[in-house]
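Take a look at the structure below.
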Amino acid sequence: MGKPEGSFWKIMADKDKLISRSEDYNEWYNSLVLKADLADYGPVRGTMIVKPYGWALWENIQAALDRRFKATGVQNAGFPMFIPMSFLQKEAQHVEGFAPELAVVTHGGGQELAEPIVVRPTSETMIGHAYANWVQSYRDLPILINLWNSVVRWELRTKLFLRTLEFFWQEGHTAHATAAEADERTRMMLDVYTDFAVNEAAVPVIPGEKSAMERFAGADQTLTIEAMMGDGKALQSGTSHNLGQNFARAFDIQYLDTNNELQHCWTTSWGLSTRFVGAIIMTHGDDNGLVLPPRLAPYQVVMVPIYRKDEDKTAVLTATHRIQQELSDAGVRVKVDDRENLTPGYKFNDWELRGVPLRLEIGPRDVENNSVALARRDVPGKEGKQFVSQNGLAHTVTELLADIQQAMLAKATRFRDENTHDVTNYEDFKTAVSTGFARVWWAGSDADETRVKEETKATIRCFPLAQPGGEGVCFYTGQPATRQAIFGRAY
RNA sequence: CGGGGCAUAGCUCAGCUUGGUAGAGCGCUCGCUUUGGGAGCGAGAGGUCGUCAGUUCAAAUCUGGCUGCCCCGACCA
């Protein structure tokens, strides 16, 4: 064709290209979720259809969490999604917090209901009702239960995975005989979330405590893991609440202790949702699309066979399936992209968009040389591509996947740290929270916190559990402070 | 709940100003040629133009209402 060499390919390449993150981060996110085939919009405003690829990612998240929960003695159970309105009203803070976002069922079986029923926004009240019946004696404690379900909160402004009317999550609910045990459990589950985020998702998080204003409605204490997204904004990625005796009192969860005295239980709850999928997208994604951590990726390796002639095809496909089996036997999640109607180049781009950690190309030359090409998703272009021997390939791949996992965590951690600034005055604070986190000494009141939010849109994401110790000067009030806080703009 | 935008083929959109037989690209189906970074040619399938009403001989096009979705702000995992 008579056009300059580059222009044709540039046009072709731009055709289906994502908008770059720097151009419009929001648009990048929205279109990526759709194009990577993770999810789609539901027919009711603000609802989400999770497609098989997105659900597979969620299933891997579920599996990683579930085995950690069970290792601490937690059992799964199923609870009703319908809650009597009166239950919500039993805990004053709780109803106040959730009232504005409740979905209420007024009709059933063609009849108007005598009492409206609430679709669970979370199950603390239903759990309270059940536990009150289950607990009689200190011998019945602790109760350690987790629910995998979905909940409904009538959000005004929604965004796929991050905030939808209905979302999928787990909610753990425990009841204990002592305050110390409840406190221990609250921290233990935060540790579980931290370990999961860092070691499975390669998402560096800051474990910390929420301020009184950001606390869960009805909790004495809310712990959180906070992550920094690619645009410098914060995402609350999992929470663990110490509910004290608030719900035990509201629902009469009582037991007889060893002295035959009636005591209220101490309860906790903790949750992590499909929002975490959003955290993975925005922590690791780049201008070419998703970058999934190998430990959670639905496919860890995608194989793209390449051939021209029929005789090549037979040889290539034979080798492809042999290697597929070999990798699969080694516990690697492999996908062979044997679609006939698409060119290898298209497949490369497609799987990059979908974030598969490692691409394995195999063509006639490889069959001849006993080699394959491996291209790692986290290192784009030629740099990330290498030809390796087919001998010991399972080992090579396993090592490479581990390396990718580690490199992704290192990269995300570096980004987070480079965009976290220790500041001591308001001007520097404003600069810091416009691009990332500000770490400050804080001694302000609720009113001060509100004012900072109004003036800068930044909120206290958490008081990190890891504190430097000693004392500092509050950047806002100038008062002596004993705790440092992380501020940031949040999703 | 306020402000803005959009609604025409599976997707992205043109057509509307100035009313007159429904369009393009991509995708899809079939065939042939292709395949190491988003393939080419040929032949097809596919739309009561969001909805209701009004104006008119005639409405995708003009007018009004309604509905839905997306984006931006206040509230939230």
Side-chain angles (χ1 to χ4, degrees), chain A residues 1 8-18 24 26-27 29-31 34-35 40-47 97-102 121-122 150-171 193 210 213-214 216-217 222 224-227 234-241 269-279 288 304-310 312-313 316 337-353 359-367 371-373 375 380-382 385 387 453-454 457 459 490-491:
Chain A
M1 63 208 83
F8 172 78
W9 290 107
K10 189 171 189 315
I11 290 162
M12 292 309 289
D14 284 349
K15 189 177 54 188
D16 266 334
K17 210 153 184 194
L18 273 179
D24 187 340
N26 195 47
E27 181 57 30
Y29 178 87
N30 285 332
S31 59
L34 299 176
K35 287 186 179 186
D40 207 345
Y41 293 101
V44 172
R45 176 197 69 84
T47 60
F98 281 107
E101 50 192 44
L102 292 179
T122 179
S150 71
V151 291
V152 170
R153 300 178 188 179
W154 215 262
E155 301 291 347
L156 299 175
R157 188 164 165 198
T158 59
K159 195 176 172 77
L160 291 176
F161 286 116
L162 299 185
R163 193 178 300 103
T164 48
L165 295 198
E166 180 191 16
F167 59 88
F168 300 90
W169 75 344
Q170 56 70 214
E171 45 174 326
Y193 289 151
K210 283 291 187 189
M213 291 188 64
E214 301 271 332
F216 176 74
T222 289
T224 177
I225 51 172
E226 295 287 326
L235 187 74
Q236 177 175 308
S237 305
T239 48
S240 183
H241 314 291
S269 68
W270 23 277
L272 186 146
S273 75
T274 39
R275 163 177 266 199
F276 203 92
V277 173
N288 293 322
V304 179
I306 298 156
Y307 44 81
R308 287 169 185 269
K309 296 168 256 167
D310 272 352
D312 287 344
K313 178 176 171 179
V316 166
D337 188 350
D338 54 4
R339 290 177 289 181
E340 298 269 4
N341 53 335
L342 298 171
T343 61
Y346 181 92
K347 294 176 182 176
F348 296 170
N349 286 287
D350 193 38
W351 291 110
E352 274 169 16
L353 180 72
R359 181 180 71 241
L360 192 158
E361 305 166 19
I362 178 163
R365 292 209 297 274
D366 296 306
V367 172
S371 65
V372 297
K382 274 197 174 147
K385 188 161 161 174
F387 286 85
K453 181 178 181 181
E454 279 166 4
K457 293 179 186 169
T459 51
Y491 273 100

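Note on naming: letters A, B, ... go to the chains in the order of the sequence lines (proteins, then strands), and numbering restarts at 1 for each one. The structure presented is a predicted model; accordingly, all values stated were derived computationally and were not measured.
In this structure, A:Arg339 reaches neither bases nor backbone, as no heavy-atom distance under 4.0 Å exists between it and the strands shown.
Remark: A:Lys385 pairs with A:Glu361 by the side-chain hydrogen bond (donor to acceptor under 3.5 Å, both in side chains) rule, at least two apart or across chains. With sequence neighbours excluded, the residues forming a salt bridge (charged side-chain N to carboxylate O under 4.0 Å, His left out) with A:Asp337 are A:Arg339, A:Lys347, listed by chain and number. A:Glu352 meets the side-chain hydrogen bond (donor to acceptor under 3.5 Å, both in side chains) test with A:Arg359; sequence neighbours excluded. Qualifying salt bridge (charged side-chain N to carboxylate O under 4.0 Å, His left out) partners for A:Glu340, counting only residues two or more places apart in sequence or in other chains: A:Lys313. Checked against ring-ring contact (aromatic ring centres under 6.0 Å, His included), A:Phe216 has the following partners two or more places apart in sequence or in another chain: A:His94, A:Phe98, A:His241. With sequence neighbours excluded, no residue satisfies side-chain hydrogen bond (donor to acceptor under 3.5 Å, both in side chains) with A:Tyr41. Among residues two or more places apart in sequence or in another chain, the salt bridge (charged side-chain N to carboxylate O under 4.0 Å, His left out) test is passed with A:Arg365 by none. Annotation: side-chain hydrogen bond (donor to acceptor under 3.5 Å, both in side chains) contacts of A:Thr224 (sequence neighbours excluded): A:Glu226.
Taking the P atoms as reference points, B:C30 lies 22 Å from B:G36, given to the whole Å. Using P as the reference atom, B:A7 and B:U51 are 14 Å apart when rounded to the nearest Å. Taking atom C1' in both B:A74 and B:C28, the straight-line distance is 45 Å, to the nearest Å. Rounded to the nearest Å, the gap between the P atom of B:C76 and that of B:G65 is 35 Å. Taking the C1' atom of each, B:U18 and B:A59 are spaced 14 Å apart, rounded to whole Å. A gap of 33 Å separates the C1' atoms of B:C1 and B:C16, to the nearest Å. With both ends at atom P, the span from B:G42 to B:U67 equals 48 Å, rounded to whole Å. The separation of B:C32 from B:C69, taken at their C1' atoms, amounts to 43 Å, rounded to a whole angstrom.
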Short heteroatom pairs, N/O only, protein and nucleotides 70-74 of chain B, under 3.5 Å:
from: B:C71; atom 1: OP1; to: A:Asn30; atom 2: ND2; distance (Å): 2.9
from: B:C71; atom 1: O3'; to: A:Asn26; atom 2: ND2; distance (Å): 3.2
from: B:C72; atom 1: OP1; to: A:Asn26; atom 2: ND2; distance (Å): 2.7
from: B:C72; atom 1: OP2; to: A:Arg157; atom 2: NH2; distance (Å): 2.6
from: B:C72; atom 1: O5'; to: A:Arg157; atom 2: NH2; distance (Å): 3.3
from: B:G73; atom 1: OP2; to: A:Arg157; atom 2: NH1; distance (Å): 2.7
from: B:G73; atom 1: OP2; to: A:Arg157; atom 2: NH2; distance (Å): 3.2

Which atoms of nucleotides 5-10 of chain B (N or O only) lie under 3.5 Å from a protein N or O atom, and what are those distances?
none

What are the atom names and distances for every N/O pair under 3.5 Å that joins the protein to nucleotides 34-36 of chain B?
from: B:U35; atom 1: OP1; to: A:Arg308; atom 2: NH1; distance (Å): 2.1
from: B:U35; atom 1: O2'; to: A:Tyr307; atom 2: O; distance (Å): 3.3
from: B:G36; atom 1: O6; to: A:Gly363; atom 2: N; distance (Å): 3.4
from: B:G36; atom 1: O6; to: A:Gly363; atom 2: O; distance (Å): 3.4
from: B:G36; atom 1: O6; to: A:Pro364; atom 2: N; distance (Å): 3.4
from: B:G36; atom 1: O6; to: A:Arg365; atom 2: N; distance (Å): 3.0
from: B:G36; atom 1: O6; to: A:Asp366; atom 2: N; distance (Å): 3.3
from: B:G36; atom 1: O6; to: A:Asp366; atom 2: OD2; distance (Å): 3.3
from: B:G36; atom 1: N1; to: A:Asp366; atom 2: OD2; distance (Å): 2.4
from: B:G36; atom 1: N2; to: A:Glu361; atom 2: OE1; distance (Å): 3.3
from: B:G36; atom 1: N2; to: A:Asp366; atom 2: OD2; distance (Å): 3.3

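Counting only residues at least two apart or in different chains, side-chain hydrogen bond (donor to acceptor under 3.5 Å, both in side chains) contacts with residues 151-165 of chain A comprise A:Asn26-A:Lys159.
In this structure B:C41 sits in a base pair with B:G31, meeting the Watson-Crick or G-U test at under 3.5 Å. Summarising the base pairing, B:G46 is matched to no nucleotide, lacking a Watson-Crick or G-U wobble pair whose two defining distances lie under 3.5 Å. In this structure, B:C11 and B:G25 make a Watson-Crick or G-U wobble pair, each of the two defining distances being under 3.5 angstrom. In this structure, B:A53 forms a base pair with B:U63, meeting either the Watson-Crick or the G-U wobble geometry with both donor-acceptor distances under 3.5 Å. The partner of B:G2 is B:C72, judged by Watson-Crick or G-U wobble contacts that both fall below 3.5 Å.
Both A:Phe216 and A:Val44 lie close to RNA chain B; mapped to their nearest nucleotides by heavy-atom distance, the more 5′-ward contact belongs to A:Val44. Nearest-nucleotide positions on RNA chain B for A:Asn349 and A:Thr164 put A:Asn349 closer to the 5' end.
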